Amino acid sequence: MQGRQPAASPSTALHAAILKCGSEVNIQHNALLVMYTKCGHVYSALRVFREINEKDYISWNSMLSCYVQNSLYAEAIKFIAEMFQGGFQPDNACIVSLCSAVGHLGWLINGREVHAYAIKKLLDTDTQVGNTLMDMYMKCQYTEYSTHVFERMRIKDHISWTTIITCYARSSQHFEALEKFREARKEGIKVDPMMIGSIIEACSGLKTSLLAKQLHSFAIRNDLLDLVLKNRILDIYGQCGEVYHSLRMFETVEEKDIVTWTSMINCYANSGLLNEAVALFAEMQNTDIQPDSVALVSILGAVADLSSLAKGKEVHGFLIRRNFLMEGATVSSLVDMYSGCGSMSNALKVFNGAKCKDVVLWTAMINAAGMHGYGKQAIDLFKRMVETGVAPDHVSFLALLYACSHSKLVDEGKCYLDMMETMYRLEPWQEHYACVVDLLGRSGKTEDAYEFIKSMPLEPKSVVWCALLGACRIHKTHELAMVAADKLLELEPDNPGNYVLVSNIFAEMGKWSNAKEVKAKISERGLRKDPACSWIEIGNNVHTFTARDHTHRDAERIHLKLAEITEKLRKEGGYIEDTRFVLHDVSEEEKVDVLHRHSERLAIAFGLISTHPGTPLRITKNLRVCGDCHEFTKLASKLFEREIVVRDANRFHHFRAGSCSCGDFW
DNA sequence: TTAGGGTTAG
């Protein structure tokens, strides 16, 4: 069980000593039961329990608590029936354990039955019962019931206040959480590390590192910083984008445990510092701390984002050597990692090897097929998943719709959107609608896409307008593009990518002053856009390039190679630069020069000089690949006889012998 | 005999 101290060794000597002491028989047995509970020896505890002839409330409640403390929640609930049969009716202690079990399972219906029983027996006024009822409703995601219980409690202790603050924080009612914390302080309620932990959770939702810093100082001043709280604060700083503060916290934690390391790795990974995440994972292996499945899932995510197949295989090897179970999050992350690193064959191998396939694993594989342009295969996987009795959820439909979208399967996409609503009663999210808009729009039906948006039962959000705008750009339906652009900038004025997209459309229309005006808003609003960059893994190193990059130690050779490649493509492949993809108001000559130095071309050139002939090149780009680079890469794959796998911000392109797996639809 | 905490997956 997480957070629990390691189980102590059961002591046969202690067992004997307890039996020898002169107390009554059931007191001896109850003491034994507690000992076995703490040692995690549930079956020994059960044996002792069965031996008790005159079971009292303490015997029954101790056995129930034994199940709960050892995470056997369903067994705990089953045990209640036995308790009733034994003639004992649940008291406060029993309700408390039962609520804990129900909460962990998230079984709301049982929880309401327990609550009704507590009210009937007038046990709900007890503070501990109230606290566990609140916690139970929170875990069942019914925080409004938690609030109701809190308001009815006559005596509230610091646990009651901490629980209600957590309820608000977890249900995104951040200001209510802050208000309750203020009230608790005003009431003079004791503040402990767990209360700080609960209120600091609201900071990540509000993305306010200022408040996190205030709470951090408060905890220091009041000597409340234990390891769990330090880890929580480290994590929250990361979620607020304060990598520096996370790192400072990480460095000051002397007694770092696996959670400290994993939180720091995640902080790096979520801030895009993928190489730092991988380096930290390597550093952890030089300590006494052993990676657990959570740490491995985290690093697999970072490796997938980095597209580092070599590192991914290292982690996979590590998992096998350490006998980690190939199930749950671990196996889904492996599939996702191989897919993200461009290796569909390995993703499929891991997927096929998994004995138990849950909805997450199926979805990972559907997503992998979709991203790589195998739309029909994604649909086939979906059908197989349903046939095996696994019900699809929102995310599986999203993966399926993306797969349809990447493979231009218009009718299938519309059919699956309909299926999720009618057959599975799943209300589509904005992202599902955006997928269909993308599918209709990019296949040339921009007006249909607009009509579809108008028919949506939800108010369309930025993601939907963004899909329409992207499609309008491809098909040059500029009038409709302006409608989408206005909506997009109105709904999401702080996303620099939107201004770039809108500016590019103005540039394509030749409206250079409008293009400049829109772009200028990025700096006016104090926003920063990510520069385009591409990277390639050679051996054990990831080499990153930005456009016109001269910082690489082999820059001169790379640029010379690129010039040679371009010349060869022109002469032998008939390559002619398509300067429509350069959206700067510069001369034609300069436009050609801009194209020549796009970051993915530098990565291709470096790949060609750093690997043996015939070796596939795997390149990752943070933005979408431009049309001219797409053509360039197709020709390069043919003339240099290389398979070139490019992962852009949207999907995979497998270039072979002059053509691309996306069929020029992306 | 009884309650509340941190890192992870599609």
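Proteins come first, then strands; the chains are lettered A, B, ... in the order of their sequence lines, and each starts at number 1. If you're wondering where the values come from, they're calculated on a predicted model, not measured in any experiment.
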Euclidean distance, atom CZ of residue A:F88 to atom C1' of B:dT1 [Å, nearest integer]: 12 Å
From C-beta outward on A:H104, which listed nucleotide comes closest to its side chain: B:dT8, B:dT7, B:dG4? B:dG4
Establish, with yes or no, whether the OP1 or OP2 oxygen of B:dG4 is under 4.0 angstrom from a side-chain nitrogen or oxygen of A:S100. yes
Applying salt bridge (Lys or Arg N to Asp or Glu O under 4.0 Å) to A:R384 and not counting sequence neighbours gives none
Gap between atoms CG and C1', on A:D226 and B:dT7 respectively (whole Å): 15 Å
Within the structure, does a side-chain N or O atom of A:T162 lie under 4.0 Å from either OP1 or OP2 of B:dG4? no
Tell me: CZ of A:F79 to C1' of B:dT1, nearest whole Å? 11 Å
Can you find a heavy atom in the side chain of A:V243 that is under 4.5 Å from one in the side chain of A:C267? yes
Sorted by chain and residue number, the salt bridge (Lys or Arg N to Asp or Glu O under 4.0 Å) partners of A:E327 (sequence neighbours excluded) come out as none
Among the candidates B:dT7, B:dG4, B:dT2, find the nucleotide nearest to the side-chain atoms of A:Q69. B:dT2
Restricting to side-chain hydrogen bond (donor to acceptor under 3.5 Å, both in side chains), what partner residues turn up for A:E144, sequence neighbours left out? none
Taken in chain and number order and not counting sequence neighbours, the residues that satisfy side-chain hydrogen bond (donor to acceptor under 3.5 Å, both in side chains) with A:E314 are none
Residues in side-chain hydrogen bond (donor to acceptor under 3.5 Å, both in side chains) with A:D393, at least two apart? A:S396
Classify A:L229 by what it touches in the nucleic acid, base, sugar-phosphate, or nothing, heavy-atom distance under 4.0 Å. base
Report yes or no: is there a donor-acceptor pair, N or O only, under 3.5 Å between the side chain of A:S332 and the base of B:dG10? no
Taking any heavy-atom pair under 4.0 Å as a contact, classify A:D56: base, sugar-phosphate, or nothing. nothing
Between the base of B:dG4 and the side chain of A:T166, is there any donor-acceptor pair under 3.5 Å? no
The criterion is salt bridge (Lys or Arg N to Asp or Glu O under 4.0 Å); which residues satisfy it with A:D336, sequence neighbours excluded? none
Counting distance alone, no hydrogens or angles: does the base of B:dG10 have a donor or acceptor under 3.5 Å from a partner atom on the side chain of A:D358? no
Near DNA chain B, counting only heavy atoms under 4.0 Å, which residues of residues 129-137 of chain A show up? A:N131, A:T132, A:D135
Candidates B:dT1, B:dG10, B:dA3 - which lies nearest the side chain of A:V34: B:dT1
Against the side chain of A:S62, the closest entry in B:dT7, B:dT1, B:dG10 is B:dT1
I'd like to check the salt bridge (Lys or Arg N to Asp or Glu O under 4.0 Å) partners of A:E187; sequence neighbours left out, ordered by chain and number. none
Nearest to the side chain of A:P193, which nucleotide is it out of B:dG5, B:dT7, B:dG10? B:dG5
Could you tell me whether A:N92 contacts a base, only the sugar-phosphate backbone, or nothing, with contacts defined as non-hydrogen atoms closer than 4.0 Å? base
Test side-chain contact (heavy atoms from CB on, under 4.5 Å) applied to A:K313 and A:N346, step by step: CA-CA 10 Å; A:K313 283 182 173 172; A:N346 279 315; 3.9 Å; yes
Select one nucleotide: of B:dT1, B:dG4, B:dT7, the one nearest the side-chain heavy atoms of A:D192. B:dG4
So, does A:K230 get its side chain near the phosphate of B:dT7, meaning an N or O under 4.0 Å from OP1 or OP2? no
Listed nucleotide nearest any side-chain atom of A:S298, set B:dT8, B:dA3, B:dG10: B:dT8
What is the separation between atom OH on A:Y338 and atom P on B:dA9, rounded to the nearest whole Å? 19 Å
Under 4.0 Å, counting only non-hydrogen atoms across every strand here, what does A:V335 touch: a base, just sugar-phosphate, or nothing? nothing
Select base, sugar-phosphate, or nothing to describe what A:D257 touches, counting heavy atoms under 4.0 Å on all strands. base
Take atom CD of A:Q128 and atom C1' of B:dT2, then tell me their distance rounded to the nearest Å. 5 Å
Between P of B:dG10 and CE of A:M365, the distance in whole Å: 15 Å
Just by modelled atom types, is the A:G238 backbone N or O under 3.5 Å from a matching donor or acceptor in the A:S246 side chain? yes
For A:L319 and B:dT8, what is the distance between atoms CG and P respectively, to the nearest whole Å? 18 Å
Per the under-4.0 Å heavy-atom filter, residues of residues 44-55 of chain A near DNA chain B come out as none
Can you figure out which of B:dT2, B:dT8, B:dA3 approaches the side chain of A:V294 most closely? B:dT8
Touch class at under 4.0 angstrom, heavy-atom based, for A:K139 against every strand present: sugar-phosphate
Closest listed nucleotide, where the reference is the side chain of A:H158 and the choices are B:dG10, B:dG4, B:dT7: B:dG4
Whole angstrom is fine here: how far is it from CD1 in A:I200 over to P in B:dG4? 21 Å
Would you indicate whether the side-chain heavy atoms of A:L296 and A:F281 approach each other to under 4.5 Å? yes
So, OP1 or OP2 of B:dT7: does either fall under 4.0 Å of a side-chain N or O from A:Q239? no
Just by modelled atom types, is the A:C94 backbone N or O under 3.5 Å from a matching donor or acceptor in the A:S97 side chain? no
